[in-house]
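What follows is a set of notes on a single structure, which appears directly below.
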Protein chains: 2
Amino acid sequence: MATKYDRIAADLRQRIKSGSLKPGERMPAETSLRDTYGVSLVTMRRALDQLAAEGLIEKRHGQGTFVRIPRQRIRRTTERYQWEKDRVLCSEEDRRRTGATERDTGLELADLQFEAEYRECVADEEVAEVFKIPAGTKLLERIYRTRSSKEVAPFGIGRSLLVYDVAAKNPELLDSNNEPWPGGTQHQLSTIGVELDRIVDEVTARPPSAEEALALGIDAGVAVLVLRKISIDTTDRVVEVADVVLAGDRTEMAYTTKLRPWSEAERKIAAANVKQDDRA
Amino acid sequence: MATKYDRIAADLRQRIKSGSLKPGERMPAETSLRDTYGVSLVTMRRALDQLAAEGLIEKRHGQGTFVRIPRQRIRRTTERYQWEKDRVLCSEEDRRRTGATERDTGLELADLQFEAEYRECVADEEVAEVFKIPAGTKLLERIYRTRSSKEVAPFGIGRSLLVYDVAAKNPELLDSNNEPWPGGTQHQLSTIGVELDRIVDEVTARPPSAEEALALGIDAGVAVLVLRKISIDTTDRVVEVADVVLAGDRTEMAYTTKLRPWSEAERKIAAANVKQDDRA
DNA sequence: GAGTGGTCTAGACCACTGT
DNA sequence: CAGTGGTCTAGACCACTCC
């Protein structure tokens, strides 16, 4: 037999998906639901926690529990990087008009807000290995969050690391008043003579820490996507390492891998291999 | 003030990371820990659940709570797809020797086990849209899981969909006894005259369902990565849609985006844009 | 059977939000 | 202030594993 909280969660889940509980609507209070289902408060809360982890409901302390309005999903694509690189070649005016986040979300620039905070720090073992520099090297750390002005919670919170002495070639890069960097990171790097050759994205998933859940406006239990973005320039040097935490229920990463087409000769080899299999 | 369970979790987390609690070691029973920390059992369990969600400990019903042995992390790279395509051109013997999962994990083929199950099904609205076919079209559904024989839990569980009438061109593809498809999916597709042009990976994260948590051997709360892999052939037709669920604490996806290098002329434009900024 | 984690209860008190 | 969700308790009983 399934547990009580599983059955209650399944029942409420069905009621939300069928529309009998509507998005944005306030649900009955926990104590009321407890009486409805005839269980203890702890059991009732456990069922609700499960739905909150799935992103179906949202609890607001002091206000109530609400059926969640499906949130805008952000699709972050690979093409974004080439687009950023191309944009470096645009005029300043053109660059100011649009930003990468806007491209992903389809929002207007006016609807987007950035917050940034700059710090100096030193490379720990783990970061030093990625940069291929000695541990303890001075770094420029830039903490930022991107949000829509229509929603309180940011899409993601990020930390970008640059080697301090490299970034210092353009003192403007050290100044947090220049946020958001007009034209994106790749343009900023171009001001210090850096052209990117490739970007490596490493993606993992995990539950959020309490601070991350608070910052992203998600309930504990909702997963986050963790993206480490490593930018490598044309001299094969790691120039930026960025860690971004994205709300799992609002983000979709899309990566396209283009495959090398076969030559006529290769196509024949593939066909021959098929015949070989048929004999076996 | 932080909550009791947060402080207890933080304390145990520190003791695990510092090594005072060693990997594989059995921790004191919940009732014993409850007395140690002087809290109720519910609070103690809540702290432990937090650590289980982080993948630091593992609860085994009837046995105890164990410090988790850090698991082998699987790195799934973009290069894998080109490698699979190249492998179609290899001899059957070469292909049999190695598989894609092996490539990612570094394990020997003998250590890997596959399980597969074939079914016919029809396309629902959502899948039909991806395939760009009418809903209700007959599909070949292939459920599989990959695991190391050294670990009980599989790396991932997946579902691959092919248009039935397309796959039926080679009756061997309909036979589950041919698992694992020697040479990988791309080779199988080549037997029905399909050459892939590109693969789109869509990645999201969410908490696992109860069944997924069980199947992947992770505690509830550990996040899963959900990968939808869409294979498109040289005629721009969607030939395969695969959904793979991967344990978030054991999987890392790595995607490399190669950027188009600037021409000499473009490099000058980039430099000119920098001067423009300085004037502003 | 002894010991473990899993579920569940009834009730207390605290913290936050609105009016 | 009333009403909400958040934390915490002491204790009962069940399900699983191993001896």
Could you state the [atom1]-[atom2] distance from [X] to [N], rounded to the nearest angstrom?
{"X": "B:Leu214", "N": "C:dG6", "atom1": "CG", "atom2": "C1'", "value": "14 Å"}
{"X": "A:Asp219", "N": "D:dG6", "atom1": "CG", "atom2": "P", "value": "8 Å"}
{"X": "A:Arg60", "N": "D:dG6", "atom1": "CZ", "atom2": "C1'", "value": "17 Å"}
{"X": "B:Arg7", "N": "D:dT7", "atom1": "CZ", "atom2": "P", "value": "13 Å"}

inquiry  = From C-beta outward on A:Gln63, which listed nucleotide comes closest to its side chain: D:dC8, C:dG18, C:dT9?
reply    =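 Nearest listed nucleotide: C:dG18.
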task = Kindly point out which of D:dT4, D:dT7, D:dT9 is positioned nearest to the side chain of A:Arg26?
result =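 For A:Arg26, the side-chain atoms sit closest to D:dT4.
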request  = Would you mind reading off the bend of the helix from C:dG1-D:dC18 to C:dG18-D:dC1 from its two end axes, five pairs each, to 10 degrees?
outcome  =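 The helix from C:dG1-D:dC18 to C:dG18-D:dC1 shows an end-to-end axis angle of 10°.
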Using the test side chain to side chain contact (heavy atoms under 4.5 Å, CB included), find all partners of [X] that sit at least two apart in sequence or belong to another chain.
{"X": "B:Ala220", "result": "none"}
{"X": "A:Val200", "result": "A:Glu202, A:Ile230, A:Ile232, B:Arg75, B:Thr256"}
{"X": "A:Arg26", "result": "A:Phe66"}
{"X": "B:Val203", "result": "A:Val203, A:Leu225, A:Met253, B:Leu225, B:Leu227, B:Met253, B:Tyr255"}

Before accepting this row, confirm whether a basic side-chain N of the pair [X]/[Y] lies closer than 4.0 Å to the acidic partner's carboxylate O.
{"X": "B:Arg159", "Y": "B:Glu141", "value": "yes"}
{"X": "A:Asp243", "Y": "A:Lys229", "value": "no"}
{"X": "A:Arg15", "Y": "A:Glu25", "value": "no"}

ask   = What pairs with B:Glu125 under side chain to side chain donor-acceptor pair (under 3.5 Å), at least two apart in sequence or on another chain?
value =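 B:Glu125 satisfies side chain to side chain donor-acceptor pair (under 3.5 Å) with no other residue.
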task = Can you sort out the partners of B:Glu58 under side chain to side chain donor-acceptor pair (under 3.5 Å), two or more places apart, ordered by chain and number?
result =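 Checked B:Glu58 against side chain to side chain donor-acceptor pair (under 3.5 Å); zero matches.
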task = Search all heavy atoms of B:Arg73 against all heavy atoms of B:Asp249 and return the closest pair with its distance.
result =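 Closest pair (atom of B:Arg73, atom of B:Asp249, distance): NH1-O, 3.0 Å.
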inquiry  = For a quick test of reading the model: is some side-chain N or O of B:Thr65 closer than 4.0 Å to OP1 or OP2 of C:dT4?
reply    =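 False: B:Thr65 side-chain N/O out of range (4.0 Å or more) of C:dT4 OP1/OP2.
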message = On the nucleotide C:dT7, are OP1 or OP2 found under 4.0 Å from the side-chain N or O atoms that A:Tyr5 carries?
response =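 Yes, such a contact exists.
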ask   = Any side-chain heavy atom of A:Ile199 within less than 4.5 Å of one from A:Asp201?
value =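 Yes; the side chains approach each other to less than 4.5 Å.
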request  = Tell me which residues in residues 27-38 of chain B put a heavy atom below 4.0 Å from DNA chain C, sorted by number, or none.
outcome  =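 DNA chain C contact set from residues 27-38 of chain B: B:Ala29, B:Glu30.
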inquiry  = Tell me which residues in residues 45-59 of chain A lie within less than 4.0 Å of DNA chain C, going by non-hydrogen atoms.
reply    =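 Correct list: A:Arg46.
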Expected rows: protein N/O vs nucleotides 12-14 of chain C N/O, under 3.5 Å:
none

Distance-only donor-acceptor pairs under 3.5 Å for side chains of residues 205-212 of chain B, two or more places apart:
unit_1	atom_1	unit_2	atom_2	d
B:Arg206	NH1	B:Glu212	OE1	2.9
B:Arg206	NH2	B:Glu212	OE2	3.0
B:Ser209	OG	B:Glu211	OE1	3.3
B:Ser209	OG	B:Glu212	N	3.2
B:Ser209	OG	B:Glu212	OE1	3.4
B:Glu212	OE1	B:Ser209	N	2.9

Donor-acceptor pairs under 3.5 Å, side chain of residues 45-55 of chain A to any protein atom, not counting sequence neighbours: which ones?
unit_1	atom_1	unit_2	atom_2	d
A:Arg45	NH1	A:Glu30	OE1	3.1
A:Arg45	NH1	A:Glu30	OE2	2.8
A:Arg46	NH2	A:Tyr5	OH	3.0
A:Asp49	OD1	A:Lys59	NZ	2.9
A:Gln50	NE2	A:Asp6	OD1	3.4
A:Glu54	OE1	A:Arg13	NE	2.9
A:Glu54	OE2	A:Arg13	NH2	2.9

